[in-house]
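Structure first, then comments.
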Amino acid sequence: MRTRFESIGAYTPSTIRSTEDVIDALSVPRALDLERITGIKNRRVHDSDPENYESSFVLARKAIEDCLERSGYEARELDVIISVSITRFTGPGQFCYAPSFAAQLGNVIGATNALHFDLSNACAGMITGVLVLDRMIKAGVVRRGLVVSGEQITPIAETATREISKPYDPQFAALTVGDAAVAVVVDDRGNDDDEIHYIELMTTSAGAEHCIGQPSDKTTGIAMYTDNRALASESRFLQGISRMADFLQEKGLAWESEKYDYWIHHQFSGPAIEYISSLTERHFDTPMPQALNVYDEYGNTASTSHFLVLREHLKQQKIPRGSKVLLIPEASGVVSGHLAATITRLEA
């Protein structure tokens, strides 16, 4: 059984907030050169008007609509819906645990007969969802399904701007985030020109206890606490690179023979992505594929980042049909891995 990406959709809010605006809102604005450190100039922020409120659910629904407009399937033909959002807001201050987002989204789009479940794996969520769906298809459980994430995550940035009081702060990474939603349909019609070749993820405990801290009693809203030194450590990146090298060797493959045309990293920092590229090039002793990025205009969109990059570059017709793309997740947990696919059916 061979799988493929059948269609892709995305939605980003129209409101743009610049990094300069974010820094100006801090009590220590000039102590942080956020744009230089991350390469992020802008990010999108959900509409907070009660009449047009863009919750995580609304964002996800709009991404699904965009995806199905490009799909050969109708919603009622989907066998399963998997929602992987970190954030699950259904309204201002309303965080929903049950019923599942997947069930609610399935009902609103008319996929009432589809299996449905939520899962969460930090910023590796979409790739994790695709991995699970890929395995379900190959096991013969389903033939086609949809993975979706709607991230209304900028409230953590709002908390951070109120609370950060020094240049180094565990809420620093929260300043990089932007709101977005993506959706992909995966089916069982893969072939030589259009196939998800492999997906592997690895979670390690090394450094994980340093990644996410506990909120203090003084927290004024939803917040994210991250040890940025642990997340950006060379040892963490090298661990992921070594695991991929082991995977390729186990499969009788080599980096050079895989001939990746493009690769997409988690969009958390431009300099960090360049650093990972240099470490990978040094490890494999060969030039790296062309990197595709959108962090400068969209920031870190959490679990949606890889597929937002893919969608935006397809829309700009910068990815020729038949290109081989490698997606590299980086997530708190600590999660690393890779997804390789040749894409021909995708349009944007």
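Here Glu6 pairs with Ser71, Arg345 under the side-chain hydrogen bond (donor to acceptor under 3.5 Å, both in side chains) rule; sequence neighbours left out. When the side-chain hydrogen bond (donor to acceptor under 3.5 Å, both in side chains) test is applied to Asp192, the partners found at least two apart in sequence or on another chain are Arg2. Residues meeting the salt bridge (charged side-chain N to carboxylate O under 4.0 Å, His left out) test with Glu274, sequence neighbours left out: none.
The salt bridge (charged side-chain N to carboxylate O under 4.0 Å, His left out) analysis of residues 82-93, with sequence neighbours excluded, yields the pairs Arg88-Asp118. Annotation: side-chain hydrogen bond (donor to acceptor under 3.5 Å, both in side chains) contacts involving residues 174-187, sequence neighbours excluded, comprise Arg4-Asp187, His46-Asp179, Tyr73-Asp187, Thr154-Asp179. For the salt bridge (charged side-chain N to carboxylate O under 4.0 Å, His left out) condition, no pair includes a residue of residues 289-303, sequence neighbours left out. Within the structure, salt bridge (charged side-chain N to carboxylate O under 4.0 Å, His left out) contacts touching residues 131-143 (residues at least two apart or in different chains) are Asp134-Lys138, Arg135-Glu200, Arg143-Asp188. For residues 99-136, the ring pair (Phe, Tyr, Trp, His ring centres under 6.0 Å) pairs, not counting sequence neighbours, are Phe57-Phe101. Residue pairs meeting the salt bridge (charged side-chain N to carboxylate O under 4.0 Å, His left out) criterion with at least one member in residues 145-158, sequence neighbours excluded, do not occur. A ring pair (Phe, Tyr, Trp, His ring centres under 6.0 Å) check over residues 127-162, counting only residues at least two apart or in different chains, returns nothing.
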Could you go through residues 241-250 and list every donor-acceptor pair under 3.5 Å that involves a side-chain atom there, pairing it with any protein atom two or more places apart or in another chain?
{"from": "Ser242", "atom 1": "OG", "to": "Leu238", "atom 2": "O", "distance (Å)": "3.0"}
{"from": "Arg243", "atom 1": "NH1", "to": "Glu250", "atom 2": "OE2", "distance (Å)": "3.4"}

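Surrounding NZ of Lys41 are at most 12 heavy atoms belonging to other residues, nucleotides or ligands under 6.0 Å away.
Screening Val108, Asp66, Val148 against Arg61 for a side-chain contact (heavy atoms from CB on, under 4.5 Å) leaves a single residue, Val108.
Between Glu312 and Lys315 there is a salt bridge, with a side-chain nitrogen of the basic residue lying less than 4.0 Å from a carboxylate oxygen of the acidic one.
In this structure, Tyr295 belongs to a hydrophobic cluster whose other members, linked by side-chain heavy atoms under 4.5 Å apart, are Ile40, Ile273.
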